[in-house]
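Chain identifiers are assigned alphabetically (A, B, ...) following the order of the sequence lines, protein sequences preceding nucleic acid strands; residue numbering begins at 1 within each chain.
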Amino acid sequence: MIKLIKKYTNFLVLFWSTSLSIELEYRLNLIVDIFTLVGNLFGSLLVLSLFYTNHHTLGGWSWSAALVVLGLFTTLEGFTSSILQPNLSKIVRYVQLGTLDYVLLKPISSQYWLSFRYFSPWGIPSIIVGFLISIYGVISTSNQFNTISIICSIIMIISSLITLYSIWFILATTSIWFVKVWNVNEVLKSILIAGRFPISSYPNIVRTIFTFIIPIAFLTTIPAEALLGRLDVYWFLFSLIISATLLFTSIRFWLYALNFYTSASS
Amino acid sequence: MSNITVSSLSKIYKVPYRKPGISASIKHFFDRKYKLITAVDDISFKIDEGEIVGFIGANGAGKTTTLKMLCGLVYPTKGIVSVSGFIPKERNAAFLSQITLVMGQKQQLIWDLPPIETLKVNAAVYGISEKEAKKRIDELASMLELNDELFQPVRKLSLGQRMKSELLASLIHRPSVLFLDEPTLGLDVNAQLRVREFLSMYNKRFNATILLTSHYMQDISSLCKRVVVIHKGRIFYDGALTKLTNKLSPYRNVRIEFDKPQTLDDLKEYCEITQIDYAIATIVVPSSKLSFVVSYLLNNYTIKDLQVIETPLENIISELIRNGTN
Amino acid sequence: MYISLVKLKRKLVKFTNIFRALLTSQYSLMHEYRAEIALWAISGLLPLIMLGIWTQSSFANFNGSNYNFFVKYFISAFIVRQFTAVWVIISFEEDNLEGRLSPFLLQPISPFWRYFSSHIAEQLTRIPFVFFILIIIFLGIQDSFWIPPFHTILLSPIAIFLAFVIRFLLHWIFAMCCFFNDKASSLERLLLIPYLFLSGLVAPLETYPEILRTAAYFTPFPYLISFPSLLLSGSIVNPLNYFMHQLIWIFILSIFSFCAWRLGVRHYSAMGA
């Protein structure tokens, strides 16, 4: 088992070093992406501040607490553009061109290859800035960090990353059946925008949907509550169950989809 | 011992079909109708270790489907496949490390990077140490006559160089079973020749089993002693290439150029004389009498030039299929 | 003078014929992609998510009339967003990378019209899905149905179309960067940022601080979402000034598009691709 983990970690180092050299071929992207990050951040802060003018509040969250949510959302966006986007948006192309064959013939888990083969460094600034905003938010609520809340928060953040990854991978898997499915990514991205704001700021029905159908609550709001030290144990466990179930589903679903895979051309 | 065993293998695709138009597509949504398409129909064959077998047939005959079932990419509907003692569809890691699939029209090299980057990744995936990988890359590169090309971005390479790099990337784990789906597609005559030479060298050096499909009959005739002809999912012929040619073209055309005009009356009982034009004659000889007639001619006449014209393999195949369907 | 007019007319007729042919073929192509267009329609749900937040926020419920304004505004924004979707950068980049651009350049009509017609065709295909989503919205959100005044019903489609043209030209200019850099799609992400925050997609510009709103109206973005949505929701009494602005932006961006196209093609031919 340890040997296997070591092997797959080695792959990761190798994969990412080769994809770094692809990305560095396009240096202009760095400037463009930094502009995008800064613009995005200011825009988000502006819109968030609109809700707080004249002492209004959003879903019962204070300005600082809402900042934690926004920070976590920025981090997730960075994770998305560094890992999810470069890999999972390629699955459709693999299927279209039939080069998925080559992936399947490698003696390595195909889901692992498809999920982590590429890495784009341009998401890293978002990840860092997002974390800084969250920490600033927590500090300005005059909340005290303690060991337990830090551990819980880390676990909740990992759990949210797994949830996001699994949803995305499950959707990407459908490209085995629907060859022209790249729009699914767009749909997902546009719905994830809902994670910018605390889940309690939505009307009841929407809140229920975002908790039980499209688990957006577990992406930003729940980890933010953990960071703020006010997450109760049930939600903690519930989040773990959701992420574990989704991860397991994504694996099973991929294997199931492979049964149907019959290659693009003959 | 046979390395690949296929027995009564079939693949039936279920293809949804619908009529055009909105109402038909709504109907289709609720009540989906399928058409069954038999791509491979009850085929059986065996291939020994170290053998090179050519797999031929028209487009859509079922060649690629069969190849994909052999490497576990497509699950058979019926029948048993065994490759090097493994069942391909289980896609066991040990099995995958022993085989390779090269597809002429699909590439695995990363477009923006030099081939060497893909080679490194592949070596790691197959668990080859860096030192060993370097040794193998050098060996294969010299067999393929590749040097600096490995360090140039793939998009800058010519089609021939790219195909050779693809081969290198597919063979770095030194597979003992090679499935090649039109590996020479689109290459010029020179590059085709190189690829052929390389494959035959690889086969000899590592005693590898090779199953190859190609539309270029030159590939087949220069590499394969044995061919399997497939048509509409069924095997039409499985055996030696020479026997196939003999069976299907029992006669040979011979063109002879003499020093002076001849009537060739003495040859009439052995063969048919189709044309005599001054000193050049064309005769049709049964394959069985060919060697006798040729030596007779050489012994009794002064001959400036003599040519045995083979029927092109393409013609033989289409002949075979035409006869078979009737 | 007379002769050149005849020539012009002949040219125009020829162009209309080609454009109509392009549109028909693109329409049947888009019809094949119905399923994904439906998906794409869903991806335009952002204004509805924002609707949820704004109507729930204490800001909107501060006094009763605000609630109605937000509901109408965001439903209008949803409709406008649906019919101003532009993806020309992505498809242009794909065509360039896969070498489909060269044959397009040989055709007697600028590829601009090919992409333009494919966008129009897609919007036509989208109409039933948008209606379907609208019905769900009207049933699901209380007090959400309204009938705009008659002149608005006539003017809104024009405003939406002009908004689409502005956005298309804007994206086209950026798409021309594909000629110089293989990966122009990151520019699309960049372009999304001012669109998101200055067009009124996530918040009505009326809620912005005065100075920011004034600044925003100096950019083309408010004319993409904010103006058509306000018009459709019945909050603009005299739209003439806004229409003028739309036309001015179309004029400016057309010049830029044309120059960018010329520059791009010159660069492309120089590279000998």
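- Within 6.0 Å of atom CZ in B:F206, more than 12 heavy atoms from other residues, nucleotides or ligands are found, so the atom counts as buried in its surroundings.
- A 6.0 Å sphere centred on CD1 of B:I80 holds no more than 12 heavy atoms belonging to other residues, nucleotides or ligands.
- Shortest non-hydrogen contact noted between B:K120 and A:L14 is O-CD2, 3.7 Å.
- For A:L255, the CG atom counts as densely surrounded, since its 6.0 Å shell holds more than 12 non-hydrogen atoms of other residues, nucleotides or ligands.
- At least one side-chain heavy atom of B:V125 sits under 4.5 Å from a side-chain heavy atom of A:W113.
- Per-residue counts of heavy-atom pairs under 4.5 Å with chain A were compared for B:L67, B:N122, B:V102, B:I99; the largest is that of B:N122.
- At a threshold of 4.5 Å between non-hydrogen side-chain atoms, the residues B:Q108 and A:V103 do not count as touching.
- Heavy atoms from other residues, nucleotides or ligands lying under 6.0 Å from CZ of A:F35 number 12 at most.
- Contact of the B:T100 side chain with the A:L105 side chain is not registered, since no non-hydrogen atoms from C-beta on lie closer than 4.5 Å.
- With a 6.0 Å radius and a threshold of 12 heavy atoms from other residues, nucleotides or ligands, A:Y112 has its OH atom above the threshold.
- For chain B, the nearby part of A:F15 is the side chain; its heavy atoms alone come within less than 4.5 Å.
- Surrounding NZ of A:K90 are more than 12 heavy atoms belonging to other residues, nucleotides or ligands, all under 6.0 Å away.
- Within 6.0 Å of the CD1 atom in A:I205, the count of heavy atoms belonging to other residues, nucleotides or ligands does not exceed 12.
- Using a 4.5 Å cut-off between heavy atoms, A:Y8 does not touch chain B at all.
- Residue B:R234 places its CZ atom among 12 or fewer non-hydrogen atoms of other residues, nucleotides or ligands, all under 6.0 Å distant.
- Taking every heavy atom of both residues into account, A:P107 and B:A93 meet most closely at CB-O, 3.7 Å.
- The two residues A:F11 and B:A124 make their nearest non-hydrogen contact at CE2-O, 3.2 Å.
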Evaluation steps, side chain to side chain contact (heavy atoms under 4.5 Å, CB included), between B:L96 and A:K106: CA-CA 6 Å; B:L96 295 178; A:K106 300 251 155 41; over 6 Å; no
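- Taking the side chain as every heavy atom from C-beta outward, A:T99 and B:Q107 never approach each other to under 4.5 Å.
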